Chemist: 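My structure is below; once you've seen it, I'll send some questions.
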Amino acid sequence: MATGTAGPLRQQALDEGLPLSERVLACVDLIPPGRVMSYKDVSEFVFGHPRSPRRVARVLSRDSVGSGVPWWRVIRADGSCATPVRSEQLRRLAEEGVPIRNEHVVMAAARWDGR
DNA sequence: TTTCTGACACTAG
DNA sequence: CCTAGTGCCAGAA
């Protein structure tokens, strides 16, 4: 199909006029079930460069839990999970079929780049 | 303004 | 696998 539709969330994630948290959360909302993105990947998607994974992490720690977005689909680049939520995150990911080995998500198989 | 700290990333050892 | 050191960005003290 012609797919001219960028998708409201996708558009929101790229809109530089919106607040940082809204853009990051919009991006996280785009991640399909069973797939994941690293903080660095989100930085690349939202900011256009991979240099601000910590800005992404800060937004997640502040506004993600309870916001309704699938925060558990954002993990470290090496496939491990952030310390504060590691346990619940691994449980949720395993629940939706994300391949995990030794407490690490198999990035090669579950990583989502936004396509 | 300097320093510390954090749901990060990467390289060395 | 683990610890250090460095780079990174931003908020808090």
Side-chain angles (χ1 to χ4, degrees):
Chain A
M1 57 185 190
T3 79
T5 28
L9 284 174
R10 193 180 197 87
Q11 228 178 102
Q12 194 175 322
L14 300 174
D15 187 337
E16 298 183 29
L18 297 174
L20 172 66
S21 64
E22 283 184 38
R23 300 182 62 197
V24 171
L25 296 181
C27 174
V28 175
D29 224 6
L30 286 172
I31 308 174
R35 305 300 295 282
V36 301
M37 269 182 107
S38 67
Y39 296 91
K40 179 181 161 188
D41 292 334
V42 176
S43 171
E44 179 80 68
F45 191 105
V46 173
F47 304 116
H49 64 71
R51 301 187 295 280
S52 307
R54 309 198 75 150
R55 296 177 75 187
V56 175
R58 183 148 37 72
V59 170
L60 273 272
S61 75
R62 234 176 19 97
D63 320 311
S64 77
V65 178
S67 70
V69 306
W71 55 267
W72 58 91
R73 294 180 192 146
V74 180
I75 62 183
R76 292 179 181 148
D78 68 353
S80 62
C81 296
T83 310
V85 288
R86 184 180 54 71
S87 182
E88 182 182 354
Q89 185 157 34
L90 283 172
R91 181 177 62 66
R92 284 174 176 274
L93 289 173
E95 218 169 87
E96 53 183 50
V98 172
I100 298 173
R101 286 196 359 166
N102 303 317
E103 307 264 295
H104 280 260
V105 168
V106 180
M107 294 305 271
R111 190 178 180 198
W112 185 68
D113 50 29
R115 295 168 308 173

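As a basis for the values below, the full set of heavy atoms in this structure was taken, side chains included, without hydrogen atoms, waters or symmetry mates. The sequence lines fix the lettering, A, B, ..., with proteins before strands; numbering per chain opens at 1. Keep in mind that this is a model prediction, so the values were computed, not measured.
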Chemist: Kindly state which residues belonging to residues 101-115 of chain A come within less than 4.0 angstrom of DNA chain B, counting heavy atoms of the residue only, listed by number.
Modeler: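 Output list: empty, so none.
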Chemist: How would nucleotides 7-13 of chain B be written as a contact map, 5' to 3', with B for base contact, S for sugar-phosphate-only contact and - for no contact, using protein heavy atoms under 4.0 Å?
Modeler: BBSS---
Chemist: Applying salt bridge (Lys or Arg N to Asp or Glu O under 4.0 Å), which residue pairs with at least one partner in residues 66-79 of chain A are found, sequence neighbours left out?
Modeler: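 Checked against salt bridge (Lys or Arg N to Asp or Glu O under 4.0 Å) - neighbours excluded - the pairs reaching residues 66-79 of chain A are A:Arg73-A:Glu96.
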Chemist: Taking side-chain contact (heavy atoms from CB on, under 4.5 Å) as the definition, give me every residue that meets it alongside A:Glu95, ordered by chain and number, with sequence neighbours left out.
Modeler: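 So A:Glu95 forms a side-chain contact (heavy atoms from CB on, under 4.5 Å) with A:Arg91.
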Chemist: Could you tell me how far C:dC8 sits from B:dT5 if I compare only their C1' atoms? Round to whole Å.
Modeler: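 Nearest-Å result for B:dT5 against C:dC8 at atom C1': 13 Å.
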Chemist: C:dT6 and B:dA7: how far apart are their P atoms, nearest whole angstrom?
Modeler: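 Each nucleotide's P atom is 22 Å from the other's.
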Chemist: Do any pairs count as a salt bridge (Lys or Arg N to Asp or Glu O under 4.0 Å) and have a residue in residues 25-53 of chain A, sequence neighbours left out, and if so which ones?
Modeler: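 Output for this query lists A:Asp41-A:Arg111.
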Chemist: List the residues meeting side-chain hydrogen bond (donor to acceptor under 3.5 Å, both in side chains) with A:Arg10, not counting sequence neighbours, and say none if there are none.
Modeler: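 Applying side-chain hydrogen bond (donor to acceptor under 3.5 Å, both in side chains) to A:Arg10 gives none.
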Chemist: Who passes side-chain contact (heavy atoms from CB on, under 4.5 Å) against A:Glu22, sequence neighbours left out?
Modeler: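 Applying side-chain contact (heavy atoms from CB on, under 4.5 Å) to A:Glu22 gives A:Gln12, A:Leu18, A:Pro19.
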Chemist: Hey, what do you get for CG (A:Leu90) to CD1 (A:Ile75), rounding to the nearest 0.5 Å?
Modeler: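 Between atom CG of A:Leu90 and atom CD1 of A:Ile75 there are 9.0 Å.
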Chemist: Could you pull out all residues at least two apart from A:Ala109 that satisfy side-chain contact (heavy atoms from CB on, under 4.5 Å)?
Modeler: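 Scan of A:Ala109 (side-chain contact (heavy atoms from CB on, under 4.5 Å), adjacent residues dropped) gives A:Pro99, A:Val106.
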Chemist: In chain order, what residues pass the side-chain hydrogen bond (donor to acceptor under 3.5 Å, both in side chains) check against A:Asn102, with sequence neighbours excluded?
Modeler: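 Here no residue qualifies.
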Chemist: What integer number of Å spans the C1' atoms of C:dG7 and B:dG6?
Modeler: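 After rounding to an integer number of Å, I get 15 Å for this pair.
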Chemist: Using the salt bridge (Lys or Arg N to Asp or Glu O under 4.0 Å) rule, collect all pairs that involve residues 53-72 of chain A, keeping only residues at least two apart or in two chains.
Modeler: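 Non-adjacent pairs meeting salt bridge (Lys or Arg N to Asp or Glu O under 4.0 Å): zero.
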Chemist: Once side-chain contact (heavy atoms from CB on, under 4.5 Å) is applied, do any residues pair with A:Leu14, and if so which ones, sequence neighbours excluded?
Modeler: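 side-chain contact (heavy atoms from CB on, under 4.5 Å) check on A:Leu14 returns A:Phe45.
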Chemist: With a 4.0 angstrom cut-off to heavy atoms of chain A, pull out the first and last contacting nucleotide of DNA chain C, in 5'-to-3' order.
Modeler: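 Listed 5' to 3', the contact boundaries are C:dG7 to C:dG11.
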